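Shown next, in structure tokens, is the structure this report addresses.
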Amino acid sequence: MLAGAGQMGGALLEAWLDVGIDHRCLTVLEPRPSGPLVERLDRAGIVLNPLAGTRPSPDVLVLAVKPQMLERAAPDLLPYAQPGTLLISVLAGKTIADLRRALPDVGSIARAMPNTPAAIRRGITGVAVDAAVNENQKAAIQFLLAAVGEVEWLADENLIDAVTAVSGSGPAYVFYLTECLAKAGEAVGLEAAVAMRLARATVEGAGGLMAARPGDTSEMLRRNVTSPGGTTAAALDVLMMDTGGLPMLISAAVAAAHRRAAELSG
Ligand SMILES: NC(=O)C1=CN([C@@H]2O[C@H](COP(=O)(O)OP(=O)(O)OC[C@H]3O[C@@H](n4cnc5c(N)ncnc54)[C@H](OP(=O)(O)O)[C@@H]3O)[C@@H](O)[C@H]2O)C=CC1
Ligand SMILES: O=C(O)[C@@H]1CCC=N1
């Protein structure tokens, strides 16, 4: 059962259908479903918003509502979060203790932090579990999350906030880098549309190159671009500055995301 079929829940659902999970095993809870969602679920034969009491509590309940919606969503979820149910939450910030408070009867809890490349099954998900999660449930978690990409198991739930700040939010940093690169291209004379095409293709190509060369470190790939005394070296001198350079900016950004995750708990 999936509660919340938005960006992230929707990506998970599509991936589960792709890996062959039987549509009869899937149920979606979404109080205000869009027309396209209703049509998609109908086409896949997936039950949407079953009448209260007509569905048993599921083996697995995947929770993908906004963190701020947890308390409001909880009363409707209580019948489905029972002792036999494993709850997998992708909510940023909400701790296992928060989830347990909201859904006190649920058997076991996993916190997972995927990212939007899940939509093309190229995501990476960090996951941590509470002590009640058994081996069968761990296998189910691995299967459900591997459907959208790599899975990184974490020994400590506290690390989920760090994963959120790095890979959960990370795609947005890369998209923003693309926007900044395009704007900078305009500043050195390119037409806006050309600058954006160059910036996009550069980020796509660089990502593709990393994916195609898993044995090469990102540092090696960077060095391959950097001719001594050349243009890239001149740019990297700026990006690598101790004060105001990229390390400082990225560290501050990741620290801000990490702090925000902590603020979302409770
Ligand atoms: N987007 C991302 O990159 C990532 C998001 N996450 C986490 O995923 C969660 C969802 O985020 P995202 O998919 O971006 O958000 P969305 O707003 O796209 O999805 C949330 C969905 O939940 C629905 N919803 C609201 N209330 C309920 C309810 N009571 N029961 C069932 N469904 C409900 C919303 O409907 P409506 O719009 O009508 O309110 C919406 O369709 C968040 O907790 C976020 O922290 C984790 C990793 C990455
Ligand atoms: O911005 C957010 O809070 C969510 C969590 C990670 C990505 N999006």
Side-chain angles (χ1 to χ4, degrees), residues 1-16 26-41 46-52 55 58 61-81 87-96 98-99 102-103 106 109-128 141 144-145 147-152 154 157 159-176 253-266:
M1 177 173 280
L2 171 70
Q7 290 292 331
M8 196 42 64
L12 286 162
L13 189 66
E14 288 296 339
W16 296 333
L26 296 167
T27 305
V28 170
L29 304 178
E30 174 73 54
R32 292 165 297 277
S34 65
L37 178 66
V38 172
E39 198 268 329
R40 175 71 188 105
L41 297 179
I46 296 172
V47 172
L48 170 65
N49 297 332
L51 285 174
R55 272 290 200 267
L61 171 62
V62 176
L63 184 57
V65 301
K66 293 281 190 206
Q68 294 87 345
M69 294 299 297
L70 174 61
E71 278 183 22
R72 216 174 310 162
D76 289 340
L77 299 176
L78 283 173
Y80 301 115
L87 174 70
I88 304 178
S89 163
V90 302
L91 277 59
K94 292 297 179 192
T95 63
I96 288 174
D98 297 331
L99 295 159
L103 300 167
V106 80
I109 302 179
R111 274 184 78 188
M113 182 45 57
N115 61 9
T116 55
I120 56 164
R121 302 187 52 194
R122 294 282 304 276
I124 184 157
T125 305
V127 61
I141 293 167
L144 291 171
L145 299 179
V148 290
E150 294 178 48
V151 182
E152 199 68 49
L154 305 165
E157 185 209 342
L159 292 174
I160 285 279
D161 287 353
V163 171
T164 307
V166 173
S167 58
S169 298
Y173 313 158
V174 177
F175 299 133
Y176 188 54
V254 167
H258 190 248
R259 272 196 307 279
R260 183 64 190 139
E263 287 164 8
L264 286 170
S265 75

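In this text the structure is predicted, and so the values were computed from the model without any measurement. Ligands are counted one by one from 1 in listed order, and the atoms in each one are counted from 1 as well.
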Is ligand 1 under 4.0 Å from a heavy atom in the side chain of Met69, in the backbone, in both, or in neither? side chain

For atom 37 (O) of ligand 1, is the nearest protein heavy atom closer than 4.0 Å? no

So, regarding Arg32 and ligand 1 (criterion: nitrogen or oxygen to nitrogen or oxygen, under 3.5 Å), is there a contact or not? yes

So which bit of Pro114 gets within less than 4.0 Å of ligand 1, heavy atoms only: side chain, backbone, both or neither? both

For ligand 1, does Lys94 get within less than 4.0 Å through its side chain, its backbone, both, or neither, judged by non-hydrogen atoms? neither

Note, Glu152 side chain near Val163 side chain (heavy atom, < 4.5 Å): no

Looking at atom 2 (C) of ligand 2, tell me if a protein heavy atom falls under 4.0 Å from it. no

Nearest protein heavy-atom contact for atom 5 (C) of ligand 2: which residue, which atom, what distance? Ala92 CB, 3.8 Å

Where ligand 1 meets Leu29 - atom numbers and elements under 4.0 angstrom, heavy-atom basis: 31 (C), 32 (N)

Examine Ala92 against ligand 1 and note whether any of their N/O atoms are separated by less than 3.5 Å. yes

Show which atoms of ligand 1 fall inside a sub-4.0 Å distance from at least one heavy-atom site of Met113. 46 (C), 47 (C)

In terms of its nearest heavy atom to atom 29 (N) of ligand 1, the top option of Gly4, Pro67, Ala73 is Ala73

Pairs of nitrogen or oxygen atoms closer than 3.5 Å, one from Glu30 and one from ligand 1: do any exist? yes

Give yes or no for whether the N/O distance cutoff of 3.5 Å, strictly under, is met between Lys66 and ligand 1. yes

Heavy-atom distance to atom 43 (O) of ligand 1: which of Leu77, Val90, Val65, Thr164 wins? Val65

For ligand 1, indicate whether the residue Ala64 contacts it via side chain, backbone, both or neither (heavy-atom separation under 4.0 Å). backbone

Pairs of nitrogen or oxygen atoms closer than 3.5 Å, one from Met8 and one from ligand 1: do any exist? yes

